[in-house]
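Atom set for the values below is all heavy atoms of this structure, side chains included, hydrogens, waters and symmetry mates excluded. Keep in mind that what you see is a predicted model, and the values were worked out from it rather than measured.
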Amino acid sequence: MTNNIMPAVQTPSPKQIKGEQPVTPLCKASSPTQRCRLAPTNTSPPRPAPVTPERNTQTSMLLLLCCLGLALGAVSPSADHEVKLERGSCPMFWYSFNGRCYKYIATRVSWADAELYCVSQRANLVSFHSADECSFVKSLIKNFDPAEGHTWIGLSDTQKEGAWMWSEGSEVNFGLWNPDEPNNTGGAEHCVHTNYDADSRWNDCLCHVTLPFVCVSRTVCP
Ligand code: BGC
Ligand code: CA
């Protein structure tokens, strides 16, 4: 690779499996006549309880609760509008959405260094052109950063105050600003990050702040 910014590859380390502790018996029989405390005195096998209508009802209720639990577990991801991540025809570590490839990079860098890294990958900082695309990138970030922290996107007004441009050069036809943003605090906020609040909206911010970021591949044709 020719880039000088190495992405943090988060490889889960294998779990340490500790050796099991030897099972300590309740007590040791020091003589054949000594019994362990709480040991059953009746050695004949227990007889099964007779099947009654009440028992049948209890069994049905248990089965119903099990099925309900399984059903609830199965729907949980869609409740948060999470989008399934698929590599599709994208390179390793990139994920596919609507014909473009996206990559999350956990290394914290300035907006300019983030853009330079994306360019070194024949990509740009991510741009957004629909709410669906925002949902996809939100899921991508959450997959690597469950806390959904601030993350650079490709929007800036570094060339002219208030003239927002995507670094990839596409038209700015979609916005998801946090209420009261962009506010250009101190007259010096020219770069944009997402995940400013629980709704994953945008905030303009100082460009030298260091954050993780998302790259998107370029479209071949305009
Ligand atoms: C403001 C943001 C600003 C940030 C800078 C916040 O209090 O609401 O607009 O970008 O401070 O740290
Ligand atoms: Ca701001």
Side-chain angles (χ1 to χ4, degrees), residues 3-10 80-83 85 90 93-98 100-219:
N3 56 292
N4 54 7
I5 304 165
M6 293 299 291
V9 178
Q10 296 158 336
D80 196 21
H81 301 289
E82 278 182 31
V83 182
L85 295 182
C90 295
F93 306 122
W94 294 72
Y95 295 89
S96 171
F97 179 78
N98 262 357
R100 300 210 287 174
C101 298
Y102 300 74
K103 184 182 185 184
Y104 174 83
I105 295 97
T107 307
R108 299 174 77 93
V109 294
S110 69
W111 188 94
D113 283 341
E115 175 64 17
L116 283 171
Y117 172 80
C118 294
V119 168
S120 79
Q121 303 289 297
R122 294 200 292 177
N124 292 100
L125 272 171
V126 69
S127 63
F128 296 98
H129 300 285
S130 71
D132 281 354
E133 196 173 18
C134 281
S135 298
F136 167 77
V137 172
K138 177 178 163 66
S139 295
L140 176 68
I141 296 171
K142 193 175 177 186
N143 185 68
F144 293 95
D145 171 19
E148 297 183 82
H150 296 175
T151 306
W152 284 131
I153 64 173
L155 198 60
S156 73
D157 70 345
T158 42
Q159 302 307 313
K160 183 181 174 185
E161 180 51 39
W164 295 102
M165 298 181 205
W166 291 117
S167 58
E168 69 177 7
S170 60
E171 184 188 359
V172 178
N173 54 6
F174 177 84
L176 197 63
W177 292 104
N178 204 56
D180 302 327
E181 304 295 344
N183 62 357
N184 195 23
T185 299
E189 294 189 318
H190 304 306
C191 293
V192 179
H193 67 80
T194 188
N195 281 355
Y196 188 49
D197 66 3
D199 287 337
S200 306
R201 289 175 176 264
W202 306 345
N203 172 45
D204 58 344
C205 168
L206 300 174
C207 296
H208 68 254
V209 167
T210 58
L211 297 178
F213 56 103
V214 175
C215 301
V216 65
S217 63
R218 290 187 202 118
T219 47

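Ring geometry for Trp202 against Trp177 counts as perpendicular: the plane angle is over 60°, on a 0 to 90° scale with 30° as the lower cut. In this structure, Phe213 and Tyr117 have perpendicular ring planes: the angle between them is above 60°, well past the 30° mark.
Contact of the Pro212 side chain with the Phe144 side chain is not registered, since no non-hydrogen atoms from C-beta on lie closer than 4.5 Å. When side chains are defined from C-beta on, Phe174 does not count as touching Ser127, because their heavy atoms never get closer than 4.5 Å. Put simply, the side chain of Ile141 reaches to within 4.5 Å of the side chain of Thr194, judged on heavy atoms. Residues Leu211 and Thr151 are not in side-chain contact: their nearest non-hydrogen atoms beyond the backbone lie 4.5 Å or more apart. Between Val214 and Ile105 there is no side-chain heavy-atom pair separated by less than 4.5 Å. With contacts defined as side-chain heavy-atom distances shorter than 4.5 Å, the pair Leu155/Phe128 does not qualify. At least one side-chain heavy atom of Trp164 sits under 4.5 Å from a side-chain heavy atom of Asp204. Counting heavy atoms from C-beta on, the side chains of Lys103 and Gln121 come closer than 4.5 Å.
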Tabulate below the donor-acceptor pairs under 3.5 Å that side-chain atoms of residues 182-189 make, not counting sequence neighbours, or state none.
{"from": "Asn183", "atom 1": "OD1", "to": "Thr185", "atom 2": "OG1", "distance (Å)": "3.2"}
{"from": "Asn183", "atom 1": "ND2", "to": "Thr185", "atom 2": "OG1", "distance (Å)": "3.3"}
{"from": "Asn184", "atom 1": "OD1", "to": "Ala188", "atom 2": "N", "distance (Å)": "3.2"}
{"from": "Asn184", "atom 1": "OD1", "to": "Glu189", "atom 2": "N", "distance (Å)": "2.9"}
{"from": "Asn184", "atom 1": "ND2", "to": "Glu161", "atom 2": "OE1", "distance (Å)": "3.4"}
{"from": "Asn184", "atom 1": "ND2", "to": "Glu161", "atom 2": "OE2", "distance (Å)": "3.3"}
{"from": "Thr185", "atom 1": "OG1", "to": "Glu189", "atom 2": "OE1", "distance (Å)": "3.3"}
{"from": "Glu189", "atom 1": "OE1", "to": "Thr185", "atom 2": "N", "distance (Å)": "2.9"}

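How far CG of Leu125 is from SG of Cys215: 6.0 Å, rounded to the nearest 0.5 Å. Put simply, NE2 on His193 and OG on Ser200 are 12.0 Å apart, with the number rounded to the nearest 0.5 Å. Rounded to the nearest 0.5 angstrom, Glu115 CD and Ser120 OG are separated by 10.0 Å. Atom SG of Cys205 is separated from atom OH of Tyr196 by 9.0 Å, given to the nearest 0.5 angstrom. The distance from atom CG of Asn143 to atom OH of Tyr95, rounded to the nearest 0.5 Å, is 6.0 Å. Taken from OG in Ser135 to CZ in Phe97, the straight-line distance is 7.5 Å, to the nearest 0.5 Å.
Of the possible donor and acceptor atoms, none in the side chain of Trp166 sits under 3.5 Å from a partner among the backbone N and O of Ser156.
Considering all non-hydrogen atoms of both residues, His129 and Asn173 come closest at ND1-OD1, 3.0 Å. Minimum heavy-atom separation, Ser217 to Trp94: N-CZ3, 4.1 Å.
Between Glu168 and Arg218 there is no salt bridge, since no side-chain nitrogen of the basic residue lies less than 4.0 Å from a carboxylate oxygen of the acidic one.
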CA sep, side-chain torsions, deciding dist, call: Val192, Asn203, side chain to side chain contact (heavy atoms under 4.5 Å, CB included): CA-CA 6 Å; Val192 179; Asn203 172 45; over 6 Å; no
Step-by-step disulfide (SG to SG under 2.5 Å) determination, Cys101 to Cys90: CA-CA 6 Å; Cys101 298; Cys90 295; 2.1 Å; yes
Criterion side chain to side chain contact (heavy atoms under 4.5 Å, CB included) on Gln159 and Met165, from CA distance to verdict: CA-CA 9 Å; Gln159 302 307 313; Met165 298 181 205; 4.2 Å; yes
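When the options Val126, Thr210, Asp113, Val209 are evaluated for a side-chain contact (heavy atoms from CB on, under 4.5 Å) with Trp152, the one that passes is Val209.
Other residues, nucleotides and ligands place no more than 12 heavy atoms under 6.0 Å from the CG atom of Asp180.
Shown here are the salt bridge (charged side-chain N to carboxylate O under 4.0 Å, His left out) partners of Glu133, two or more places apart in sequence or in another chain: Arg100.
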